[in-house]
Trainee: 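The structure's right below; bear with me while I get my questions together.
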Amino acid sequence: EVQIVESGGGLAQPGGSLRLSCAASGFSFDDYSIAWFQKVPGKEHAGVANICSMDDATYYTDGMEERFTISRDSASNTVYLQIDSLRPEDTATYYCAVRGIYFTGRYLNPTYYVHWGQGTQVTVSS
């Protein structure tokens with residue numbers, strides 16, 4: 001079965017950095033997109049970025065690329081989300097999700113995704 005496990009969250013100070021990890025296993029899509037979503041109470045899941053396996057092309061919600069960087073380690077099937085210059089408003093639960101794809105592109109609508117991890121909490125506070 002598909003297993004997606006996020007890690008790397010925790011308490012961080014404003015201005016600091018965190019690298020979140022998404023370990024995905026149990027699927028055999030020829031190609032896939034893995035995306036990170038941000039969830040805060042009272043709001044819908046907001047796409048941060050996705051990366052496509054066939055070309056490692058990355059796509060970001062407008063403005064997110066200023067401080068967020070998505071990357072992939074194909075050997076370990078792990079996707080990372082680097083968050084720099086952390087702000088209190090970055091506080092959220094961050095989810096990783098995966099879907100099989102045929103074409104590289106932007107996949108940042110949460111309804112595209114079938115397989116989700118449990119989330120990792122990021123809290124930015126002094």
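Heads up: numbering here begins at 1 and tracks the sequence.
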Trainee: Of all residues at least two apart in sequence or in a different chain, which pass the salt bridge (charged side-chain N to carboxylate O under 4.0 Å, His left out) check with D56?
Mentor: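 For D56, the residues satisfying salt bridge (charged side-chain N to carboxylate O under 4.0 Å, His left out) (neighbours in sequence not counted) are R72.
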
Trainee: Rounded to the nearest 0.5 Å, what separation is found between the CG atom of L18 and the CZ atom of F68?
Mentor: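 If we round to the nearest 0.5 Å, L18:CG and F68:CZ are 10.0 Å apart.
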
Trainee: Take Y59 and S33 through the side-chain contact (heavy atoms from CB on, under 4.5 Å) test and state the conclusion after the steps.
Mentor: CA-CA 10 Å; Y59 302 87; S33 171; over 6 Å; no

Trainee: Between H115 and Q3, is any pair of side-chain heavy atoms under 4.5 Å apart?
Mentor: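 Answer no - side chains too far apart.
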
Trainee: I need the Y95 OH to H45 NE2 distance, nearest 0.5 Å.
Mentor: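 So the gap between those two atoms works out to 5.0 Å.
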
Trainee: Looking at OG of S71 and CZ of R19, how far apart are the two atoms once the value is rounded to the nearest 0.5 Å?
Mentor: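 S71 atom OG to R19 atom CZ measures 7.0 Å (nearest 0.5 Å).
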
Trainee: Could you measure the distance from the OG atom of S85 to the CD1 atom of I83? Nearest 0.5 Å is fine.
Mentor: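 So the OG of S85 and the CD1 of I83 are separated by 11.0 Å.
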
Trainee: Got R106 and T61 here, is their nearest side-chain heavy-atom distance under 4.5 Å?
Mentor: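 Result no, sub-4.5 Å side-chain heavy-atom pair not found.
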
Trainee: Among Y107, Y32, F37, W36, which one satisfies ring pair (Phe, Tyr, Trp, His ring centres under 6.0 Å) with Y113?
Mentor: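 When ring pair (Phe, Tyr, Trp, His ring centres under 6.0 Å) is applied between Y113 and each of Y107, Y32, F37, W36, only F37 qualifies.
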
Trainee: Does atom CD of E66 have more than 12 heavy-atom neighbours from other groups under 6.0 Å away?
Mentor: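 Not more than 12 within 6.0 Å, no.
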
Trainee: Following the transitive rule for hydrophobic clusters with a side-chain heavy-atom cut-off under 4.5 Å over Ile, Leu, Val, Met, Phe, Trp and Tyr, establish whether F27 and V5 coincide in one cluster.
Mentor: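 Result: no, two separate clusters.
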
Trainee: Considering all heavy atoms of both residues, which atom of Q121 and which atom of T91 are nearest to each other, and what is their separation?
Mentor: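 Looking at all heavy atoms of both residues, the closest pair is NE2-CG2, 4.0 Å.
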
Trainee: Given the rule in the side-chain contact (heavy atoms from CB on, under 4.5 Å) test, do Q38 and M64 qualify, once you have shown the distances and angles that lead to the verdict?
Mentor: CA-CA 11 Å; Q38 185 185 63; M64 289 290 186; 4.2 Å; yes

Trainee: Yes or no on side-chain contact (heavy atoms from CB on, under 4.5 Å) for T93 and T120, after CA distance, side-chain angles and deciding distance?
Mentor: CA-CA 5 Å; T93 304; T120 185; over 6 Å; no

Trainee: Do Y112 and V2 land in one hydrophobic cluster if side-chain heavy atoms of ILVMFWY residues count as linked below 4.5 Å?
Mentor: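 Y112 and V2: separate clusters.
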
Trainee: Taking all non-hydrogen atoms of both residues, which atom of E6 and which atom of C96 are closest, and how far apart?
Mentor: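 Heavy atoms only, the tightest pair is OE2-N, 2.6 Å.
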
Trainee: Under 3.5 Å, is there a donor-acceptor pair between the side chain of N77 and the main chain of S25?
Mentor: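 Answer holds: no.
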
Trainee: Is it the case that D55 and T104 place a side-chain donor and acceptor less than 3.5 Å from each other?
Mentor: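 Yes, T104 and D55 have a side-chain donor paired with an acceptor closer than 3.5 Å.
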
Trainee: State, to 0.1 Å, how close I34 and C22 come at their nearest heavy-atom pair, and which atoms those are.
Mentor: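 Reported closest heavy-atom pair: CG2-SG, 4.3 Å.
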
Trainee: Is the shortest heavy-atom distance from the side chain of I70 to the side chain of Y80 under 4.5 Å?
Mentor: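 The answer is no, as the side chains (C-beta and beyond) never meet within the 4.5 Å cut-off.
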
Trainee: Please step through side-chain contact (heavy atoms from CB on, under 4.5 Å) for the pair M54 and I101, ending with a clear verdict.
Mentor: CA-CA 9 Å; M54 62 276 272; I101 58 172; 3.8 Å; yes

Trainee: For the residue pair Q82 and D84, what are the closest heavy atoms and their distance?
Mentor: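 That closest heavy-atom pairing would be NE2-OD1, 3.0 Å.
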
Trainee: Backbone N or O of N109 within a donor-acceptor pair of the T111 side chain at under 3.5 Å?
Mentor: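 Absent.
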
Trainee: Tell me, do I4 and W116 make a side-chain contact under 4.5 Å, heavy atoms counted?
Mentor: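 Side chain of I4 against side chain of W116, heavy atoms only: no contact under 4.5 Å found.
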
Trainee: With a 4.5 Å cut-off on side-chain heavy atoms, are Y102 and D31 touching?
Mentor: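 A side-chain contact is absent here, since even the closest heavy-atom pair is not under 4.5 Å.
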
Trainee: Between A49 and L108, which heavy-atom pair has the shortest distance, and what is it?
Mentor: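 Minimum heavy-atom separation between A49 and L108: C-CD2, 3.4 Å.
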
Trainee: Could you tell me which non-hydrogen atom of Y60 sits nearest to which non-hydrogen atom of T69, and how far apart they are?
Mentor: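 It is OH-CA, 3.3 Å.
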
